[in-house]
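Have a look at the structure below before the remarks.
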Amino acid sequence: MPLIRLLCTALTFLTRLPVARWSHAEPERLAQSASLFPLVGAIVAAVACAAAWLGHALLPAALTPWCALLAGIVVTGAFHEDGLADTADGLGGGVTRERRLAIMKDSRLGTYAAVALALVLSGKYLALASLSMPRLFAALYVGHVMARFSVLPLAAWLPYVRDSEAGNKPVADGIGAREVLLGSVLTAALVAPFGLTAIACIVASLVVIVLAALYFRSQLGGITGDTLGAANQCVELCCYLVCAALVF
């Protein structure tokens with residue numbers, strides 16, 4: 001039961017799935033559940049794959065990737081897309097660290113946010129649209145798993161820079177080497193059946209994670225919840241592009 005409760009804690013944090021009654025409420029427990037984030041990615045991928053399958057059966061083929069993307073957004077409440085938008089506005093529109101952080105807290109959608117969302121979502125759609133159904137399922141699965149894994153090394157490597165946000169800081173600060181190690185083992189086990197595709201996506205994802213860490217450190221001195229969402233989206237897009245590239 002404790003492991004199930006930790007999984008429900010992770011699901012409550014990252015998705016809109018109705019499992020809160022079985023989850024832990026304490027930030028420390030959420031940090032402990034972080035190693036299960038890749039498994040949450042697999043669950044979100046299952047929903048997206050089911051939506052893609054239904055779309056393929058009932059709608060024109062061009063709408064299949066759109067159904068998968070829509071399902072992923074609905075089940076997560078656009079949690080990560082919101083982080084991408086805020087990060088793009090802050091890093092694109094701010095000159096100083098303080099100004100960037102202030103812009104990222106503004107709920108209004110700016111030009112940089114709109115452009116980032118358009119580019120990332122269209123990139124996902126076009127990459128998935130180039131794949132056959134089996135490869136599309138594989139891309140969705142590996143992409144969602146790797147995207148959730150990306151939170152772990154970034155939270156472990158970089159400090160959380162918003163001291164005033166007591167709700168998020170204990171979670172980010174509680175993710176350390178243990179969570180990264182356990183999450184890495186779980187991620188490897190989840191994507192292993194996809195062989196060379198998984199290896200290529202892992203390598204590409206690690207490159208994106210390292211580049212994101214260097215960029216966030218230089219621009220903000222660390223991470224926020226928004227930047228973790230942005231990294232999530234970039235890693236997911238990267239995996240889809242890798243899967244599309246492997247077809248040719």
[atom2] on [Y] to [atom1] on [X], rounded to 0.5 Å:
| X | Y | atom1 | atom2 | value |
| --- | --- | --- | --- | --- |
| Leu241 | Leu126 | CG | CG | 9.5 Å |
| Leu30 | Ile175 | CG | CD1 | 7.5 Å |
| Leu59 | Thr64 | CG | OG1 | 7.5 Å |

If hydrophobic clusters are built from ILVMFWY residues whose side chains come within less than 4.5 Å, do [X] and [Y] share one?
| X | Y | answer |
| --- | --- | --- |
| Met146 | Val120 | no |
| Ile73 | Tyr240 | no |
| Leu206 | Leu246 | no |
| Val145 | Leu154 | yes |
| Val242 | Val247 | no |

Practice problem: Check Ser205, Cys201, Cys243 against Val142 for a side-chain contact (heavy atoms from CB on, under 4.5 Å) and give me the one that passes. | Solution: Cys201

Practice problem: Pick out which of Val161, Thr224, Ile223, Leu228 makes a side-chain contact (heavy atoms from CB on, under 4.5 Å) with Phe216. | Solution: Ile223

Quiz item: What pair of heavy atoms forms the shortest contact from Leu131 to Arg135, and how long is it?
Solution: CD1-O, 3.8 Å

Surrounding [atom1] of [X] (heavy atoms of other residues, nucleotides or ligands, distance under 6.0 Å), is the total greater than 12?
| X | atom1 | result |
| --- | --- | --- |
| Leu196 | CG | no |
| His56 | NE2 | no |
| Arg97 | CZ | yes |
| Tyr112 | OH | no |

Quiz item: Which word best sums up how the rings of Phe13 and Phe37 line up, parallel for under 30°, tilted for 30 to 60°, or perpendicular for over 60°?
Solution: parallel

Quiz item: Donor-acceptor pair, Gln233 side chain versus Ala230 backbone, under 3.5 Å?
Solution: no

Quiz item: Taking Asp86 for the side chain and Asp226 for the main chain, is one N or O donor matched with an acceptor at less than 3.5 Å?
Solution: no

Practice problem: Apply side-chain contact (heavy atoms from CB on, under 4.5 Å) to the pair Ile199 and Val191, showing each step before the final yes or no. | Solution: CA-CA 9 Å; Ile199 293 173; Val191 303; over 6 Å; no

Quiz prompt | From CA spacing to verdict: side-chain contact (heavy atoms from CB on, under 4.5 Å), Leu3, Leu36 | solution = CA-CA 9 Å; Leu3 183 61; Leu36 298 175; 4.0 Å; yes

Practice problem: Go through Leu128 and Leu69 one step at a time and tell me if the side-chain contact (heavy atoms from CB on, under 4.5 Å) criterion holds. | Solution: CA-CA 10 Å; Leu128 293 173; Leu69 295 176; 4.0 Å; yes

